[in-house]
Amino acid sequence: MALNISRPIGTEDVVPKNVHKWHTVEKIARETAESYGFGEIRIPTFEKTELFLRSVGETTDVVQKEMYTVKAKDSEFTLRPEGTAGTIRAMVQNGLLNEALPQRVFYILSCFRHERPQAGRLREFHQFGLEMAGSPSPAADAEVISLANTILNRLGLKNIQLNINSIGCPACRAKYHEALRSFFEARYDELCDTCKERLVKNPMRILDCKSPICKEIGKDAPIILDYLCEECSDHFEKLKKYLTNSGISYNVDPRIVRGLDYYTKTVFEFVTNEIGAQGTVCGGGRYDGLIEQLSGQKVPALGFGMGIERLMIVMDKQGCDYLTPRKCDLYFAAMGDAAYDKAMELTRVLREYGYFAEYDLMGRGLKAQMKYANKIGAAYTLVLGDNELSSGKAMLKNMETGEESEIPLNDKFIGCFDAFYVDKMLNSFDDGNAASPLISFNGE
Ligand code: ATP
Ligand code: MG
């Protein structure tokens, strides 16, 4: 029967045969973050709308056009469009900032933005992100950028460019805003309506406008780097030195301002030109004023968000390796009631030892059971019938080589199976089948 309700536009399903791609990205991101001292945080999917207005910024596209705000009875909430606001809220509310600094947390979560869906741009998408609170040092910026860079490298991605910029602190930004205002005022009539408003409230936002005309005009606008105060300029110089010392190549792009208002000093993006216009796989920076703005506590912080779907588009395009999905270790093909009981019993034993084992649940004949075992890629099969039961032995078939070996069906069964299994694993290492960088990285 045809389904007459389909998923909402801009959302995606992940079916079991693809979920290993998610597990790969999540595992590598998680293990890398942990090796840099970050612990996982989990926060609600929705927050009070005001939290996003006050952090993401009222003049940003996200707040002006993209938020999913839901009213339920007498309350109103917004589905998180990004992870930073909720995470900072949770860090403050749970007293993390009163513990030893820096506090470092990472998250894997869904975000919701009402954007025009296209390749790499969804309405529900997922981010791996992190926040570090407490350190004002440019070494923290280098640490966070290096972490993102390590994840991208471990995923096997190539040709990803790191762009960095400094957008200064409120002090240097005031002078820059003046310069931008006089620049854009001269071409006021050509700006889009939103940017006319931005000119008054937040002129730097014009540089992030997606309209081609505003983009074109913005090309000749003054650049922030010429307006940095001594402290911000020194911070940026040190960051560049640390990146160079760590062997991380970067490009200074004075046009990056990022789409959220809370950034100060460092902003950065990891970008690829291989997947069209949606090429930013990671965006982040420093937001020294955000925590104070939300809680009054003066604590500098920084972080980034990585778009998981975008990462996977690039990984697929570049043919990167994923962790291999788990397959059946042993399939029992059984004929007759007594053999079927034995298959169930041995399956239970195997599972207790952590193996993936299966037997027929469809009432298939022996031939069809073997066909099924082939289809699911079982590593071994074992045929059980009256003969096997009376002799107490059966033939274990290695489905890859076709080789058959005798195995006892008594309490020695599991020990023998272990031995065959280990032998097969060692052989596949010898063949070089298991030499993918993912496997050596995981130490498996
Ligand atoms: P873009 O300029 O592409 O709109 P952004 O500046 O809005 O990105 P951030 O808010 O910094 O992005 O989010 C961090 C990351 O999340 C982005 O670099 C991107 O990889 C991913 N991302 C953002 N919006 C979407 C979306 N609508 N669909 C899929 N991924 C997204
Ligand atoms: Mg955006």
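Counting starts at 1 for both ligands and their atoms, following the listed order.
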So, is the end of the Lys397 side chain (NZ or CZ) under 6.0 Å from the ring centre of Tyr380 and within 45° of the ring's axis?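 Here Lys397 fails the 6.0 Å and 45° test against Tyr380.
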
Counting heavy atoms only, which part of Val62 comes closer than 4.0 Å to ligand 1: side chain, backbone, both or neither?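 Neither; no heavy atom under 4.0 Å.
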
Are [X] and [Y] close enough that a side-chain donor and a side-chain acceptor fall under 3.5 Å?
| X | Y | answer |
| --- | --- | --- |
| Ser246 | Ser146 | no |
| Tyr322 | Asp316 | yes |
| Ser166 | Arg286 | no |

Distance under 4.0 Å to a non-hydrogen atom of Gly283: what atoms of ligand 1 satisfy this?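 Those qualifying, in numeric order: 18 (O).
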
Heavy-atom contacts with Cys282 under 4.0 Å: which atoms of ligand 1 show up? List them by number with element.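 Checking each atom against Cys282, I get 18 (O).
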
Quick check: does [X] get an N/O under 3.5 Å from an N/O on ligand 1?
| X | result |
| --- | --- |
| Arg121 | yes |
| Gly305 | no |
| Leu122 | yes |
| Glu309 | no |

With sequence neighbours left out, write down each residue that passes ring-ring contact (aromatic ring centres under 6.0 Å, His included) with Tyr359, or none if nothing qualifies.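 Checked Tyr359 against ring-ring contact (aromatic ring centres under 6.0 Å, His included); matches are Tyr340.
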
Could you tell me whether Gln161 atom CD has more than 12 heavy atoms of other residues or ligands within 6.0 Å of it?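 Correct, the count exceeds 12.
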
